[in-house]
Number of protein chains: 4
Amino acid sequence: MNVQFKMENISDKKKAIFESTINLITENGFHGTPMSMVAKNAGVAVGTIYHYFESKNQLIGELHAYNRGRVVEIIKETIGENISHKKTFQNIWTNLYQFYIENTNVLIFFEQFINSPYNINKFPTHFQGELFDFFKGGIGKGEIKDVKPEILVVLTLGSITTSAKLHKFGSIPLNFTDQHNIIQILWDGMAVNKE
Amino acid sequence: MNVQFKMENISDKKKAIFESTINLITENGFHGTPMSMVAKNAGVAVGTIYHYFESKNQLIGELHAYNRGRVVEIIKETIGENISHKKTFQNIWTNLYQFYIENTNVLIFFEQFINSPYNINKFPTHFQGELFDFFKGGIGKGEIKDVKPEILVVLTLGSITTSAKLHKFGSIPLNFTDQHNIIQILWDGMAVNKE
Amino acid sequence: MNVQFKMENISDKKKAIFESTINLITENGFHGTPMSMVAKNAGVAVGTIYHYFESKNQLIGELHAYNRGRVVEIIKETIGENISHKKTFQNIWTNLYQFYIENTNVLIFFEQFINSPYNINKFPTHFQGELFDFFKGGIGKGEIKDVKPEILVVLTLGSITTSAKLHKFGSIPLNFTDQHNIIQILWDGMAVNKE
Amino acid sequence: MNVQFKMENISDKKKAIFESTINLITENGFHGTPMSMVAKNAGVAVGTIYHYFESKNQLIGELHAYNRGRVVEIIKETIGENISHKKTFQNIWTNLYQFYIENTNVLIFFEQFINSPYNINKFPTHFQGELFDFFKGGIGKGEIKDVKPEILVVLTLGSITTSAKLHKFGSIPLNFTDQHNIIQILWDGMAVNKE
DNA sequence: GATGAATGAGGTTTCATTCAT
DNA sequence: AATGAATGAAACCTCATTCAT
């Protein structure tokens, strides 16, 4: 597996720093989160952070890599289940959505990170590859309309992230039926109408 | 009309400051854009910015309000055309998409703004209202599936913004056919199948 | 007479600027009183102040000179009345005290001015000369104890200014009897006990 | 004892900052003393000041509290000696006067502080309480004239501070005899004439 | 005379980073 | 490994002064 690293291998201090950093950055933004605040929140001294991370840049970069890995892992595992395309699509949507409403700070962090001086690559290509291949396969088997796979990735990810933000910040949460409806609409639009 | 304010009524200096600010923030982020940089880029002295805006906070707030107004205006005008729901939906998608690929900095600015300490309201409800009513109308007339209108807003906005970012930052741009396909997929999924 | 200038000869604008300046400085201090604030409070434009005064330094300097003149005038007039030393002393105390409780901002302004970079001469010698001569005369005539006249000046001015501040800022105001008592105590101490 | 804090318990850096601040402010005023100047004079970096004090406001506030404490201490100790009222009065006058001519910068600092935006309470009530009680006691025992104790406080403090300033800034210093004369005059005026 | 937009030096404060302990 | 006092560049913002109108 090419996952960058697992939390299990990380020291408690480093874990606490990671946790503090993403929470504080999500709350206050990069600029609103000085290293001293991270240190205090993580219960360590400022200097200690610099034992584990070369710089603030690096800390944020590693935090990003770690969470990117979590999402990629979810997609991979879901796709790897080898069931029907429709069912797999449903699972991808549900699993990612579930992850993002349980970890909204990760989603917020991603969006802040993408357009920040901390990021070098501008587009969140990190989990496009897997989805891309999945949709390409579906098109190849004639189950999904013959359009650019990128389009399908866009529709899927765009709806998941926007829904998760709606769930978190909107006035009404999306219930099970709502999620089902979204998936249905997308699949109805993407799938080849067989009869 | 209740548009906040028009660029025509704004002094040249203020316009230059606005323009510089959104470009620089899109490029470097809020933190990476000191007032001195805005001033230099706009060809004015730092003090001049403070003649027009109380603080960096206020400058960014007004910039947001102004651009939010532009987007709302597009949606309103498109919806106001009073044509079939399908055609209106196509136009909304195309017009917003067109606006965002021509003004990607506005899109990036919005995403940076939403999750920043500069923002007070967390969710971008600013152009939900108009779209919401449009979809509700379509559901009422039996042309659109009977689901929560929020879902349709999410699908629409999520696909537009993600597509615009793909177009800007992705390896391949979306052509006319691709746009058409996305719209088709969404409408196929959302519309009530009449026959 | 060597009074610097009279208010009568001053234009309305200049008068308004003077009035605003002393009030605002008394309230907010020199640093807390920008020229823009003076302008606004006086109902004139910033540039207008610079028609009447070369700089903030000069404005404050003239303000000081003007008010110093007012106090000197009071002392001179009181001393010029040519009555008994005791009565003159009483009048000096009462008149100055009266002036300072009616114009506490002048007193506050003096104290702020004395120890400020705006002041060149450190000690408030401006009204020492007249009082000095008065006490010297009293000593010469054997009515006042033979001590350094400076001492008597100190006792007089120190009690007046401290009383005026007590009256303004203290919890209880000094009534007529209190004033009388202070004057009595001072004169009892200073006067030669004749019998 | 309820003394606020002692210099002994303060770090060397903080001490140096305190010392620099009072000297520079006395010389140049609040506005004429930027933090960079304090830092340079104290031999520390600007940031270091902010390690010890939250802001310039707080630095000045603490400086005031510390020096107020010194003066209160002198008065308390002098009054606590439990000797005759006359002798105590003489000691108070002499000790405070001595303190102020040895620490004129403290006196100047007080006067600048009192009428500054840094001060919240306008009147220097800080050492009124102790003196007030002392005089009240004297009146109760029939040794001092029955007038408002505030009056006696005013006469005492007014003469001490004005004398100290005369000594520092006047053309001629006040010698031992002069001090004695002032005390004599005040006591003659205040004391009940017993025979 | 009068205005107030424009300037930019300089003020207060923050914060990533270092290093002696 | 861990600490946190110390640093100083750089951020935001103010304000005395100028000058075209």
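Here is the naming used below: chain letters follow the sequence lines, and residue numbers restart at 1 for every chain.
Going from atom OH of Y52(D) over to atom P of dA5(F) covers 7 Å, rounded to whole Å. The separation between D12(D) atom CG and dA6(F) atom C1' is 14 Å, rounded to whole Å. We find that CD1 of I17(A) is positioned 12 Å from C1' of dA1(F), with the value rounded to whole Å. Regarding N28(C), its CG atom lies at a distance of 15 Å from the P atom of dT14(F), rounded to whole Å. Put simply, NZ on K40(C) is 12 Å from P on dG4(E), counting in whole angstrom units. dG8(F) atom C1' lies 14 Å from atom NZ of K13(D), rounded to whole Å.
Contacts of F109(B) classified as side chain to side chain contact (heavy atoms under 4.5 Å, CB included), with partners at least two apart in sequence or in another chain: I22(B), I25(B), T26(B), F30(B), I60(B), L63(B), H64(B), F113(B).
Under 4.0 angstrom from either OP1 or OP2 of dG1(E) there lies no side-chain N or O belonging to H51(C).
Side-chain contact, N23(B) with N41(B): no donor N or O sits under 3.5 Å from an acceptor N or O.
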Interface polar pairs with nucleotides 15-17 of chain F, N/O, under 3.5 angstrom:
| residue | atom | partner | partner atom | Å |
| --- | --- | --- | --- | --- |
| dA16(F) | OP1 | K56(C) | NZ | 2.8 |
| dA16(F) | OP2 | M35(C) | N | 2.4 |
| dT17(F) | OP2 | Y50(C) | OH | 3.1 |
| dT17(F) | OP2 | K56(C) | N | 2.9 |

Dot-bracket notation for DNA chain F is requested: 5' to 3', Watson-Crick or G-U wobble pairs only, both distances under 3.5 Å, with ( ), [ ], | and . as defined. .||||||||||||||||||||
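Geometric assessment of K56(A) against the ring of Y50(A) yields a negative cation-pi assignment under the 6.0 Å and 45° thresholds.
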Taking it one step at a time, do E62(B) and R68(B) satisfy salt bridge (charged side-chain N to carboxylate O under 4.0 Å, His left out)? CA-CA 10 Å; E62(B) 281 197 28; R68(B) 191 186 51 182; over 6 Å; no
